[in-house]
Structure formats: C-alpha cells, structure tokens
Amino acid sequence: MSVEQLRRRRSGNYVDAVSRLDTGGPVSAPDIDAIRAAVTAEFPDGPASWPLGWVSKCYLGTPYEVHIVDISGHIIQHFKRGEAMPGGMERARSLAASGRYAVIEVFSDRLVAIGSDGTTSVSMG
Amino acid sequence: MAERIIHTADLSAIRNNLRSLAEGIEDVGDRVNHVDDTIKITRQELSDLQAHFNQFIDTYTRATQVSLAETRLIKLRQELASKFGHYDDVRRAAVGLLQATDISVVHTATMRDITEELMVLTPAYWLAPALVALAAWLRDDQPLAQRALGEALRRDDEKTSLFFALIARRAGRGTACATWLDRFLGQQDPMQLKRQTIVLINATAGGVFAPGVQQICYQRLQAWIDELSDRAGFVEEQRRQWRKALESKIPEEQHGTRYPHLERLCTNWQVLNSQLNRASLNTVFLDHMRDIFESPLPSSARLADAVDDLLTHLTTDHDAAELPMKMEEARLEAIIAQDGRVDIAQKHHDLERESLVEEVSFTQLLTNAAMHAERFGASRASQRLAFALSRGWVHDAFSDLTIETRRNQPDSAQLQIGNWNGQTHDGTEEKALQSGLEQHIQSECMAAVAQIRLGPKHVICSIVGVLLLLTIFMGNFIFALIGAALLAWVFFEYRGLEKKRDMVRDSFDRRRQAETAELGGCLAEYVEWLRDFDARDAVATQTSAYIDAIAPDTHLALREESSRRILTNS
C-alpha cells in the first residue's frame with residue numbers, strides 16, 4: 001500500500017467501527033462482522049493491505065490501559081498496565097494510551113494514528 | 001635488677017631524640033611548602049608567558065593576513081579593472097540613464113550618443129544593447145529599439161526580460177510588464193531558483209503589480225507547483241522539508257528552574273525537558289501563524305522599493321564572467337575588515353555568498369518564506385501565500401511531528417535518590433515508593449550498625465593484656481600494669497560502641513527524612529510536569545485546526561485585498 005493511500009482520511013463509519021470496542025465483555029459475532037465490513041470497505045485491496053492490528057485506549061478503567069483488535073483472529077483483548085502486548089502491537093501502546101487518537105493502525109513498518117475525525121498521522125518504525 | 005632495668009628504660013633520651021626528629025620533620029615540611037609555593041609561582045609565570053606568546057603569535061598572524069590580503073586585493077582590482085572595467089562604465093550609465101529619465105533632464109539625443117558609444121565599447125555585455133533599446137524606446141525609434149532588444153535578448157535573455165519587466169512596472173505599463181515578467185518567469189527552473197526570486201514573490205503576493213500582472217505571476221507559481229508535483233517522491237519530500245522547518249521552531253528552553261527536584265534526581269530529565277520543548281512547538285507555531293494571518297499587511301510602498309532595488313541590483317550586479325573575481329575581492333575585503341581573523345571573515349563571507357548564490361527549489365523557497373521570513377527577506381503577504389500553497393504538506397508535517405512527540409513520551413520518570421532507584425508512572429505511587437526508599441535506607445542503616453563492633457585488634461589487645469596481667473604472678477609489675485591498661489582500653493572501646501551506633505542511626509534518620517522529602521518533591525513535580533505536558537500537547541488540536549482553516553479562502557482573501565488596495569490607490 002502506498003504512503004499516499006495510507007495517509008488518506010478514514011471514513012467516519014470505519015473510525016466508529018474500530019474504536020467502539022470498550023464493552024468489557026465478549027464482542028458479538030455481528031459486531032465483529034460489522035468491523036470486518038468497515039475494514040474491507042476502507043482497505044478494498046484485500047487483507048494483504050490491512051493493518052496487522054488496531055490498538056486503542058481502554059476506557060474500562062484501572063488497571064486496563066489499552067486493547068487490541070485483531071480481525072483475522074477475531075480477537076479483542078484488553079491489557080493492563082505493564083502487561084506485554086503480542087507481536088508489534090507494543091509499539092502503539094504509548095500513543096493509544098495517550099487517548100489523543102481514536103485508534104492506532106499497526107503496520108509492519110509504521111504506525112498510522114487515526115483522529116476521531118478520520119485524519120491520519122504517520123510515524124515510521 | 002629491677003631497678004637497673006628501670007634505669008636503662010629511662011625514656012628521656014628517646015624523648016629528646018623524638019623531639020629533635022619532629023623538629024627536623026617540621027623543618028623539612030616547611031622547606032617542601034616553600035618549594036611548592038615557588039613551583040606555583042613559576043607555573044603562573046610560565047602560564048603568563050605562554051599567554052603573552054600566544055597573543056604575540058595571534059597578532060603577528062593577523063597582521064600578516066591583513067598585509068597579504070591587501071597586496072592580493074590591489075592585484076585583483078588591477079586585473080578586474082583591466083578585464084571588466086568597461087562593464088562598470090555601462091552600469092554607471094544605466095543607473096544615470098534611469099535617474100535622468102525619471103526627472104526628464106537629459107535630451108534623448110544625448111542618451112542615444114552615450115548608449116551607442118557604450119554599445120561599441122563593450123562587446124558581449126547584455127546591458128549595453130538593453131540601454132540602446134531603452135534610449136530608442138524613449139525617443140520612439142521602434143526599429144532601432146527592436147534590433148537592440150534582439151541583441152540584448154541574444155546576449156542574456158533572462159536578465160534582459162527582468163530588466164524590461166521592471167522598467168515597464170516603473171513606467172506603469174501593465175501589459176508590457178506582464179509580458180516581460182512572464183517571459184522571465186518562464187525561463188526559471190522551479191527546482192533551481194535564486195533566493196532573490198523571493199522579491200518577485202513578495203511583489204506578487206503584496207500587490208505591487210497591477211491585478212493582471214499579479215494574476216499572471218500567480219498562474220506561473222501554480223504551474224511551478226504542478227510541474228514539481230509530477231516528480232516522483234515530491235510530496236514526501238515536501239513533508240520532510242516542512243517537518244525540518246517545524247523542528248527548527250522547537251524551543252531549546254531549560255525547564256530545570258520549574259522542576260529543580262526532577263532536574264537533580266531524575267535520570268531521564270533530559271527526555272522530560274526535551275518533551276516539554278517539543279510540545280511547546282504547538283503554541284509557538286500557532287502564534288507564528290496567527291502573527292502572519294491576523295496582523296495587518298504592511299504597506300506595499302516598501303515592496304515597490306524592494307522591486308526597484310532589484311532593478312538597481314540587476315543593472316549593477318556583476319556578470320557571470322567576473323563573479324569569481326568579485327567573490328574573491330569580497331573575501332579579501334572581509335579579511336581586512338575582520339582585522340586578519342581569517343576564520344571569522346570566511347564565515348561571514350560564506351553566509352553572504354550562500355544567500356546570493358545558492359539556488360533553491362520553489363517549494364523550498366516557500367518553506368523558507370513561511371518559516372524564516374526575516375532571514376530570507378520574505379514579506380508577510382509572501383508568508384500567507386506560502387502557507388496557502390503548502391497547506392496540505394504543512395498539515396501532514398505537523399501531525400507527523402506531533403505523533404512523534406507523543407510516541408517519544410516516556411512512560412515513567414526514573415528517580416535516583418542517593419543510591420536508591422525507583423520509578424513513577426503518574427506520581428500517585430507515593431506510599432509504595434516512600435516505603436521502598438525507607439526500607440532501602442533501613443537496610444543500609446542496619447548494615448552500617450552491624451559494622452560497628454570490636455575488631456581483631458581489640459581481640460589481640462585483650463589476649464596480650466590478659467597475658468601481661470598474668471605476669472604479675474612472676475613479679476613483673478610493669479608488664480602487668482601495661483596489660484591492665486590494654487584491657488582497660490578494650491573495655492572503654494566496648495562501652496563506646498553503643499554510642500557510635502546511636503550516632504550512625506541518627507545520621508541515617510536524618511538521611512531518611514531528607515530523602516523522603518526529596519522523593520515527595522520529585523513526585524509532586526512529576527505530577528505538575530505531566531499536567532504541563534498535557535496542556536502544551538493539547539494545543540496541537542487547535543494548531544492543526546488553524547492549519548486546516550488556512551485553506552484556499554485565505555489565499556483568495558489575499559488577492560482580493562491586493563486588488564482592493566490597488567483600486568484604492570488608483
């Protein structure tokens with residue numbers, strides 16, 4: 001996926017879908033399907049162009065800090081402070097925990113922070 | 001027998017000898033001190049001498065450099081006069097002609113004679129036929145004007161076009177000015193513009209030209225951006241360029257006075273300090289933009305003067321052929337002006353040369369204009385234009401820089417108080433940290449107290465004391481007395497141990513109080529620091545919204561304002 005494509009503004013539907021996951025309980029299958037549909041619409045080039053995962057601030061309260069969404073494995077997992085996150089998700093932790101962005105898309109070589117209005121900011125590495 | 005021993009053990013002789021030995025040592029000590037003082041004085045004198053010598057070398061070198069520069073300058077000027085002296089005549093005539101035309105005091109025939117003579121005397125110089133054309137134009141001799149113009153354009157199209165564009169602007173000939181200016185701009189490579197092009201951009205943005213000319217210039221600027229945008233990687237390069245420009249606005253303040261405990265006791269204080277500075281960029285940049293967009297535009301009269309200056313420069317500037325020699329002349333002059341300090345002179349000269357010779361891309365010119373207007377001579381109107389044309393890149397660069405700052409945010413403050421280490425995430429862990437610190441001090445105190453006990457020397461003295469005391473049964477009262485004294489010493493040492501332990505406990509108690517107070521100070525300051533950072537960081541939303549609001553409207557408003565001002569003036 002090109003840099004310019006990654007930088008384009010995200011749709012409101014997509015931002016809503018991936019950032020409303022603070023239910024605390026298990027996420028229902030229709031919710032997961034809604035997320036998948038929003039992601040598919042946002043990244044039409046197929047799963048290869050999708051982020052590895054999404055990390056956002058957890059509003060469940062202490063001790064939970066952040067949670068991750070992994071579409072391919074249907075996993076939504078909440079993490080406490082100090083609890084290590086899998087894969088490269090840890091890179092997005094401080095950004096997600098700051099609460100300044102709706103969600104952080106984690107790619108292998110960069111992070112794309114999505115604002116609540118869909119605007120994007122890119123950080124390499 | 002015992003009495004004889006007492007006699008031979010008479011210590012007065014030894015005491016006397018010891019006294020004289022002590023006096024001898026004292027005497028040697030005095031002498032050593034005296035030698036030490038002498039060495040200090042000698043060193044000081046040597047150091048003074050070295051300083052004088054260095055000063056002498058410096059003065060001598062500078063005097064040599066000045067004398068060398070003066071000699072070279074004389075030679076260089078002779079060479080310049082012999083090779084390009086006639087160019088100066090043309091330049092003087094050009095300035096004179098312009099001034100004479102302004103006040104209409106010279107007859108056109110005189111102008112014709114002078115310009116035609118210069119044309120004959122200075123082959124290959126573009127300004128000579130340009131002056132012939134100008135003189136012919138002033139007396140309505142169209143065929144000669146066209147022929148001379150053709151020759152001037154053949155010699156240097158770029159300079160001739162700009163020359164006549166500026167002349168036409170002075171004369172208030174809008175259409176001619178637009179045609180010549182478009183011809184000049186059309187010859188520019190947007191990747192390699194001279195820094196002085198900023199004068200034209202200032203003039204375009206500031207409403208110096210008539211609305212029609214301004215529109216043509218603006219279209220040309222847009223065309224440059226379109227041309228540049230077609231290049232691969234251009235947009236990414238613009239973001240990088242703007243990011244660099246934004247980074248140059250990050251303050252370099254030291255916040256230690258507000259956070260003295262953290263500055264002293266936090267091992268990652270430098271990161272915390274730098275984060276505050278990075279977050280301050282939000283306000284700094286917002287203020288910078290507000291200053292550009294919300295303060296009134298200065299009068300265009302000064303800009304008109306700047307455009308006239310450009311005309312003067314164009315006629316008096318040196319040609320490419322003589323430029324290297326002129327540069328060398330300026331360098332030698334700088335050495336003389338700096339009293340032989342070659343390094344300082346070179347630095348000044350390089351800076352000046354860079355500003356004159358360096359070529360930059362159009363977008364770099366916009367970035368420089370928007371962010372460092374004073375250094376690059378950009379007007380407020382140019383800054384607005386630059387922001388309007390670069391808004392998308394500015395937005396991306398700013399949001400990337402903001403995310404970088406947030407990503408670099410440390411998740412804790414690392415504290416080191418004495419030899420205790422701890423960390424705080426949000427300053428709320430006071431109880432746990434305080435108890436950790438107290439436990440650490442307590443364990444150190446216990447270890448120190450445990451160290452206060454009778455040592456091997458006391459054990460040996462006790463044994464020897466007992467053995468000597470036992471000699472009393474053999475009638476050796478003296479040895480018995482010594483043994484008793486040794487045992488008494490050990491006893492008093494033993495009794496003093498508890499007192500020493502109490503002193504150590506007291507000192508650790510004082511340390512505990514001082515260090516827990518310091519820990520409290522660190523935590524309070526860290527909470528304040530977090531609030532401070534959050535407040536500075538939160539401004540990013542406002543700054544980002546301001547960049548978005550610049551939009552094309554700002555630029556349109558600029559043009560409307562320019563047009564309005566021109567209409568009002570006319």
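Throughout, protein chains are lettered first and strands after them, A, B, ... in sequence-line order, and every chain is numbered starting at 1.
More than 12 non-hydrogen atoms from other residues, nucleotides or ligands lie less than 6.0 angstrom from NZ of K249(B). Counted within 6.0 Å of CD on E252(B), heavy atoms from surrounding residues, nucleotides or ligands total 12 or fewer; the atom is thus considered open.
Looking at A540(B), neither its backbone nor its side chain comes within 4.5 Å of chain A, counting heavy atoms on both sides. Both the backbone and the side chain of D396(B) come within less than 4.5 Å of a heavy atom of chain A. For chain A, no part of S544(B) is nearby; none of its heavy atoms comes within less than 4.5 Å. For chain A, the nearby parts of D537(B) are the backbone and the side chain; heavy atoms of each come within less than 4.5 Å.
Contacts with chain A (heavy atom to heavy atom, under 4.5 Å) involve no residue of residues 273-284 of chain B.
Here the CD-CZ distance, from Q409(B) to R100(A), works out to 10.0 Å after rounding to the nearest 0.5 Å. Annotation: the span from I403(B) atom CD1 to I104(A) atom CD1 amounts to 6.0 Å, rounded to 0.5 Å. E236(B) contributes atom CD, which lies 5.5 Å from atom CZ of R7(A) (distance to the nearest 0.5 angstrom).
Between D400(B) and R110(A), no side-chain nitrogen of the basic residue sits less than 4.0 Å from a carboxylate oxygen of the acidic one, so the salt-bridge criterion is not met.
Put simply, the side chain of R407(B) reaches to within 4.5 Å of the side chain of R91(A), judged on heavy atoms.
Side-chain contact of R406(B) with S98(A): a donor-acceptor pair under 3.5 Å is absent, judged by distance alone.
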